[in-house]
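First comes the structure, then the notes that go with it.
Quick note on labels: first sequence line is chain A, next is B, and so on, each numbered from 1.
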Amino acid sequence: MNKILDGLNESQRAAVQHVEGPLLTLAGPGSGKTRVVTHRIAYLIEQGISPYSIVALTFTNKAAQEMKHRVGRLLGDSPVWMGTFHGYCARFLRYYGRMIGLSENFSIFDTDDSKSAIEQAIMNTDVSLTHLKLPDIIKGISNLKNRAITPEMLDGQARSAVDHAIRKVYPAYQKYLLQNNAVDFDDLLMHTATILRTNNELRADLDEKHRYILVDEYQDTNLAQYLIVRGLSLDYPNINVTGDPDQSIYGWRGADIANILNFERDYPNVQVVRLEENYRSTPEILSAADVLISSNTRRKEKTLIPTRESGEKVRIATYASARDEADHIADQIAVHVLQEEAHPKDFAILYRTNAQSRLLEQALLKRKLNYQLIGGFRFYHRQEIRDLLAYLRLVNNPTDDISFHRIVNVPPRGLGEKSLAQVSELARAREIPMLVALRAAIDRAMLSKKALSGAKKFLELYDELVNRSAISIVEMLKHVLHATDYIKYLASKKSEAPDESIEGNVQELLSDASEVDQNNEDGTGLQQFLEQVSLSADTDNLTDDNRVTLMTLHAAKGLEFPHVFIIAVEQDILPHSRSRYDANQTEEERRLLFVGITRAKQTLQLSSASQRGFGNNRMSSASPFLMELPRAEMQMLDYTMSNGRFDTFDDQWPDSSFGDSESFLHKPSKKGAKSSKPKEIRFEDFGSEFSEEKVDEPLELFDEPFSDELENAAQKPKKQDKKPASGIKEPGIQGIDGNDELGAFATKLLAINHQLPRGMKTASELGSSVTLTGTPVDVFEAGMRVSHPRYGLGAILSVDGFGPKKMARIAFDEGDTKSFQLSKAPLEIA
DNA sequence: AATATGTTCATTTTT
DNA sequence: TGAACATATT
């Protein structure tokens with residue numbers, strides 16, 4: 001009993017002890033929401049409620065895992081169902097999908113698959129794309145699904161050309177999906193909602209079974225999700241929704257804030273509990289958040305009550321360029337880390353769009369700060385992974401034509417466009433799956449000799465996979481790899497020696513698969529594996545390794561960090577240009593910033609730059625949101641005149657020379673008598689101390705006990721950190737023992753900090769080894785100064801291609817102009 | 001079928 | 001800006 005209720009404040013306790021009837025928990029950021037939810041689950045069980053009757057729904061796997069973990073800590077293993085909406089629906093449809101024509105081995109199409117499928121469907125209609133944009137159609141269909149509107153429910157009234165097209169494409173798409181025995185993400189929700197809506201008997205049955213429903217982040221539910229939740233809590237309205245209207249940031253995905261705003265209307269006798277005490281952030285941070293969000297009109301008033309002690313002022317920084325912004329932020333992090341005031345993992349850098357991570361990545365790399373990038377390219381979106389999975393998917397669901405198309409000629413088997421068109425025609429005419437059509441085409445001798453042999457080869461491989469599916473997933477994967485010599489094929493396709501990153505990814509996939517194999521008791525392993533893979537998101541890859549975290553504001557929801565930087569708080573970025581003319585969308589952008597601000601526990605910096613963008617000629621102005629903040633109580637920093645020089649270290653560097661590390665021995669004095677003249681320190685200044693030769697000599701720089709760690713930090717963010725060499729303090733900033741060394745180390749580090757270390761992999765390779773969570777880091781771009789061991793210094797004229805094939809033309813100072821494949825050439829940033 | 005070259009396009013967030 | 005797409009070339 002005590003374990004469950006101890007340490008909770010009054011309102012938290014009220015929520016936890018609520019048992020019967022509807023409960024609305026309005027939980028501000030940092031108010032211990034997850035704690036309440038998990039403790040409530042424990043409390044219910046303690047009251048004798050069957051764990052089988054409790055269902056807890058979240059939006060992300062991460063939130064679900066966290067919940068499981070914490071409930072586990074309170075209760076040990078328990079059969080409470082905790083998972084994502086999509087996961088719940090997938091399971092639901094495995095059972096009841098047949099009601100709408102799905103069999104239990106259906107495929108789940110991700111957005112790419114879905115796009116291909118829509119393209120296929122369009123070919124079955126008379127819709128022409130010449131005057132329409134495919135993304136508009138895709139979005140339109142998704143919007144309908146989010147509102148659980150099936151094709152049958154559409155009336156004939158088209159209000160625009162896109163609308164008109166959608167009315168034709170949507171039914172064709174649904175038909176195509178059904179023929180493929182497949183669903184897309186939106187279908188998972190829509191189909192579930194539809195089945196519940198049209199089968200009251202089943203609905204009532206489940207309502208009774210799932211008597212206690214908990215929904216996290218209720219402000220982010222869309223209509224389809226609303227219908228599902230509603231359907232499951234009609235007869236037994238023991239429903240607890242938790243959320244914060246101020247953190248609703250998924251309107252674009254169909255989330256309807258009205259669901260939470262109207263909850264009290266939907267369910268009579270709602271108990272409302274407000275969690276307003278904030279246990280996360282300093283009063284300074286909360287004040288900024290509070291003042292900002294009060295500019296929103298469409299919201300439920302709510303206060304943030306600080307419980308933490310006062311801390312540093314929130315900073316608003318202005319830079320001349322995005323590059324300065326990145327450099328300065330990385331500098332600040334480096335200094336804190338070097339002084340052992342914080343670990344890399346204490347820092348998060350948040351931004352509006354994924355594209356904005358690049359400069360920061362570069363800046364962190366240059367300083368050898370370890371980071372993890374969340375979002376961007378996803379593991380399961382990599383070509384090698386998708387290809388391999390397509391083989392598995394086709395085995396699991398032979399009617400999955402999208403998977404068929406993906407791999408039928410991968411690696412090339414001579415089944416070119418022409419032959420496949422014939423097969424497609426046959427498939428379409430007879431409404432049979434491609435796989436079946438291919439066999440038929442062979443029987444009817446429709447194929448050329450070359451295509452015939454390719455087709456036979458493919459079918460042979462496929463049939464063998466089916467055989468092995470009885471053994472294990474790993475066996476299947478291994479067979480594909482072996483039979484197709486896949487890695488060699490992919491490497492040659494990318495005109496590259498076998499790349500370890502591809503192998504690494506494949507290895508990762510194999511180990512994921514083997515995990516499922518081991519727990520596969522009921523023989524549904526393959527299906528489970530595919531489902532798990534389809535429904536996994538990249539935010540799930542968040543680790544608590546000691547690394548700086550880079551991610552979008554959206555991805556940051558639910559997380560917290562001691563030190564947060566929010567970058568590019570600029571007009572047209574945040575708020576985003578596409579939300580400019582829509583007051584509701586502007587409010588959502590404001591909420592997004594609110595979410596970002598409230599991630600910070602101790603310090604927070606919001607920054608903008610006046611130049612950002614590709615040609616650095618894009619002028620940018622500060623976000624109007626910055627004007628709404630309580631500026632009087634914040635610290636305003638103007639670095640626009642710094643010209644790459646920052647005074648970050650004014651009070652931290654020794655006065656005299658940098659060789660003198662005296663002042664590093666002690667914590668920097670608290671800016672005592674207002675350090676007379678701010679000294680500006682440029683990194684370039686270190687150049688004289690550490691001449692070119694020295695900088696060029698890696699041993700000199702890395703011949704320290706911690707060199708391993710540094711190298712490792714920069715190169716292999718994903719892999720487990722190497723064991724620290726003995727005598728190294730863990731987890732200091734990569735462990736430096738004694739301030740003496742810290743001084744020397746800091747000086748050296750900063751001296752080279754605009755230089756990527758020799759021996760470090762080139763950008764593209766790095767990109768692939770950052771893989772699992774990350775976007776490739778393309779460090780090289782036109783205009784950059786680089787050095788080549790053979791040809792010396794030069795400037796990049798242009799950069800072409802991408803990935804491992806990315807080429808750069810370089811004009812060397814000695815006169816030659818040469819082209820290099822960036823993934824191979826031993827180039828360094830000069 | 002693979003490569004080279006030219007063209008257009010669109011620039012958010014993601015389960 | 002560059003990346004996806006389309007077309008031309010070998």
From dT15(B), dA1(B), dT14(B), nucleotide with atom closest to Tyr250(A) side chain: dT14(B)
Proximity to the side chain of Thr353(A) - top-ranked nucleotide from dT14(B), dT12(B), dA10(B): dT12(B)
Gln585(A) or Leu415(A), whichever maps to the more 5' nucleotide of DNA chain B: Leu415(A)
Arg147(A) with Asp256(A): basic N within carboxylate O range, under 4.0 Å: no
Trp252(A) (side chain) and dT13(B) (base): donor-acceptor pair under 3.5 Å: yes
Integer angstrom distance from the C1' of dC5(C) to that of dT12(B): 22 Å
Thr552(A) vs dT14(B): side-chain N/O to OP1/OP2 distance below 4.0 Å: yes
Tyr96(A) ring center within less than 6.0 Å of His191(A) ring center: no
Length of the CZ-C1' vector between Arg358(A) and dA3(C), whole Å: 11 Å
Residue Ala555(A), side-chain heavy atoms: nucleotide from dT12(B), dA3(C), dT14(B) that is nearest: dT14(B)
Sugar-phosphate only, base, or nothing, as touched by Lys115(A) at under 4.0 Å among non-hydrogen atoms: sugar-phosphate
Along DNA chain B (nearest heavy atom to each residue), the more 5'-positioned of Thr58(A) and Ser577(A): Ser577(A)
Rounded interatomic separation in angstrom, taking CG from Leu559(A) and P from dT14(B): 13 Å
Sugar-phosphate, base or nothing in reach of Lys133(A), heavy atoms under 4.0 Å: sugar-phosphate
Geometric class of the Phe59(A)/Phe85(A) ring pair [parallel <30°, tilted 30-60°, perpendicular >60°]: tilted
Asp512(A): partners by salt bridge (charged side-chain N to carboxylate O under 4.0 Å, His left out), with sequence neighbours left out: none
Glu587(A): partners by salt bridge (charged side-chain N to carboxylate O under 4.0 Å, His left out), with sequence neighbours left out: none
Given dT13(B), dT15(B), dA1(B), the nucleotide with the shortest approach to the side chain of Asn354(A): dT13(B)
hbond_proxy Arg253(A) side chain to dT13(B) base (donor-acceptor, 3.5 Å cutoff): no
